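All figures in this text were calculated on a predicted structure; none of them were measured in a lab. Chain identifiers are assigned alphabetically (A, B, ...) following the order of the sequence lines, protein sequences preceding nucleic acid strands; residue numbering begins at 1 within each chain.
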Amino acid sequence: MTAFTLGTWNVNSLKVRLPQVLDYMANQTVDVLCLQETKLTDDAFPEQAFIDAGLHVSFTGQKTYNGVAIISRSPQSDVLKNMPHFEDEQQRLISATINGIRVICAYMVNGQDLDSDKFIYKMNWLTALESHLKTELLQHDKLALLGDFNIAPEDCDVHDPAKWIGGNLVSPQERGFFQAFLALGLTDSFRLFEQADQSFSWWDYRQMGFRRNAGLRIDHILLSNALSKDCVRCVIDKEPRRHEQPSDHTPVLATLEIK
DNA sequence: ATGGCAATCCGAGATTGA
């Protein structure tokens with residue numbers, strides 16, 4: 001039996017957080033780490049820093065916004081950027097096969113407000129993802145979808161549900177997509193295990209959100225049945241959020257025991 | 001109720017995030 005840990009972390013600028021990410025890979029037992037909001041064009045991506053650390057990396061990015069990457073200890077194959085059937089200039093999805101696992105790293109759309117054009121884009125993007133996942137699941141028994149979903153699936157994933165009711169990140173439309181992903185045969189690995197109440201993965205920088213634990217659980221690791229049966233642990237690692245100059249998100253980790 | 005923080009960019013205040 002060997003332990004294999006998958007992680008996801010919205011770093012809110014890899015330029016700023018590169019030392020923290022390298023440190024995390026050096027000090028933690030994470031085998032695959034999915035990053036979101038790298039905010040770097042591909043020519044500016046610090047690929048060599050990861051290679052020098054003995055790591056494998058794939059990435060797709062753009063200026064200022066979005067951008068995703070997958071870092072791994074083992075080699076990656078069949079790297080796919082974006083979704084083949086969804087034209088999108090925003091760089092929000094990257095997939096790679098690592099140790100026989102299809103890893104899909106997603107930075108899902110924020111949506112801003114239910115009345116906004118961005119919310120329409122969010123609905124379209126999620127529709128495309130659902131369709132894309134169906135295709136990927138046909139080809140890959142072992143599939144993990146990790147990332148910043150920008151969806152808090154249940155009221156217990158929200159620090160103050162009454163204040164957020166019906167709004168962006170918690171609307172029935174968005175939660176419907178989360179349930180649709182589960183209906184494809186994926187499992188929310190965090191909810192496989194007993195967890196503390198008020199467990200969150202993101203806290204607002206403002207008003208001491210982290211200290212007040214005024215947060216949301218919007219970063220998730222969904223596993224196909226072939227993986228969830230071997231999942232022995234899923235945790236939110238709050239340590240990086242306590243660092244100097246932290247991202248507003250903190251890593252979520254899922255560990256598999258592979259025979 | 002509003003804005004509050006952080007990161008980005010043709011470089012000061014606007015935009016975005018969640």
Side-chain angles (χ1 to χ4, degrees), chain A residues 8-21 34-46 59-69 88-93 105-126 129 146-178 190 198-221 236 238 240-252:
Chain A
T8 181
W9 191 5
N10 179 326
V11 290
N12 185 19
S13 167
L14 184 58
K15 185 182 173 186
V16 174
R17 237 67 68 188
L18 179 62
Q20 293 186 34
V21 172
C34 296
L35 305 180
Q36 301 87 37
E37 285 208 85
T38 55
K39 300 187 180 180
L40 291 170
T41 53
D42 290 352
D43 60 302
F45 193 93
F59 49 89
T60 184
Q62 65 186 84
K63 200 170 174 181
T64 314
Y65 303 117
N66 311 316
V68 284
D88 193 3
E89 57 190 33
Q90 299 191 22
Q91 302 303 303
R92 296 180 172 277
L93 200 84
C105 169
Y107 175 49
M108 302 192 194
V109 180
N110 177 302
Q112 196 168 60
D113 190 279
L114 270 65
D115 296 327
S116 69
D117 290 344
K118 288 173 183 168
F119 194 81
I120 295 168
Y121 168 60
K122 184 172 194 172
M123 294 295 102
N124 292 336
W125 197 94
L126 292 170
L129 179 62
L146 306 91
D148 177 356
F149 283 50
N150 272 313
I151 302 172
E154 314 251 10
D155 279 353
C156 62
D157 301 311
V158 180
H159 71 279
D160 186 351
K163 198 162 105 181
W164 286 75
I165 192 161
N168 191 44
L169 311 183
V170 304
S171 72
Q173 296 95 309
E174 292 160 274
R175 287 178 169 176
F177 275 104
F178 192 88
F190 192 72
Q198 304 277 302
S199 289
F200 306 125
S201 64
W202 168 90
W203 301 263
D204 202 310
Y205 284 122
R206 299 167 288 189
Q207 277 196 292
M208 297 185 289
F210 184 61
R211 261 205 271 174
R212 295 190 300 119
N213 198 31
L216 301 170
R217 190 176 73 95
I218 52 177
D219 301 271
H220 308 295
I221 301 177
I236 295 172
K238 286 165 82 169
R241 192 61 172 79
R242 298 187 186 104
H243 290 170
E244 287 291 312
Q245 206 174 9
S247 168
D248 43 357
H249 297 251
T250 210
V252 181

Please classify the nucleic acid contact of [X] as base, sugar-phosphate, or nothing, using heavy-atom distances under 4.0 Å.
X	value
Asn168(A)	nothing
Asn66(A)	nothing
Tyr107(A)	sugar-phosphate

Among Tyr107(A), Trp9(A), Trp202(A), the one residue meeting side-chain contact (heavy atoms from CB on, under 4.5 Å) with Asp148(A): Tyr107(A)

Reference residue Leu146(A); test side-chain contact (heavy atoms from CB on, under 4.5 Å); the match among Thr8(A), Val252(A), Asp219(A), Leu35(A): Thr8(A)

Expressed as a whole number of angstroms, how long is the span from [X]:[atom1] to [N]:[atom2]?
X	N	atom1	atom2	result
His249(A)	dT16(B)	NE2	P	17 Å
Tyr121(A)	dG17(B)	OH	P	10 Å
Gln62(A)	dT16(B)	CD	P	13 Å
Phe119(A)	dT16(B)	CZ	P	17 Å

Residue mapping more 5' on DNA chain B - nearest nucleotide basis, Val109(A) or Arg212(A): Arg212(A)

Side-chain H-bond candidate by donor/acceptor type, Gln91(A) with Asn66(A), under 3.5 Å: no

Which whole number of Å gives the distance between the [atom1] atom of [N] and that of [M]?
N	M	atom1	answer
dG11(B)	dC5(B)	P	25 Å
dG13(B)	dA1(B)	P	30 Å
dG17(B)	dA12(B)	P	24 Å

Please list every donor-acceptor pair under 3.5 Å in which a side-chain atom of residues 151-158 of chain A meets a protein atom from a residue at least two apart or in another chain.
{"from": "Asp155(A)", "atom 1": "OD1", "to": "Arg175(A)", "atom 2": "NH1", "distance (Å)": "3.0"}
{"from": "Asp155(A)", "atom 1": "OD1", "to": "Arg175(A)", "atom 2": "NH2", "distance (Å)": "3.2"}
{"from": "Asp157(A)", "atom 1": "OD1", "to": "Arg191(A)", "atom 2": "NH2", "distance (Å)": "2.6"}
{"from": "Asp157(A)", "atom 1": "OD1", "to": "Arg217(A)", "atom 2": "NE", "distance (Å)": "2.7"}
{"from": "Asp157(A)", "atom 1": "OD1", "to": "Arg217(A)", "atom 2": "NH2", "distance (Å)": "3.4"}
{"from": "Asp157(A)", "atom 1": "OD2", "to": "Glu154(A)", "atom 2": "N", "distance (Å)": "2.9"}

Base versus backbone protein contacts along nucleotides 5-15 of chain B [heavy-atom cut-off under 4.0 Å; B, S, -]: BSSSSS-----

Aromatic plane relationship, Trp164(A) with His159(A) - under 30° parallel, 30 to 60° tilted, over 60° perpendicular: perpendicular

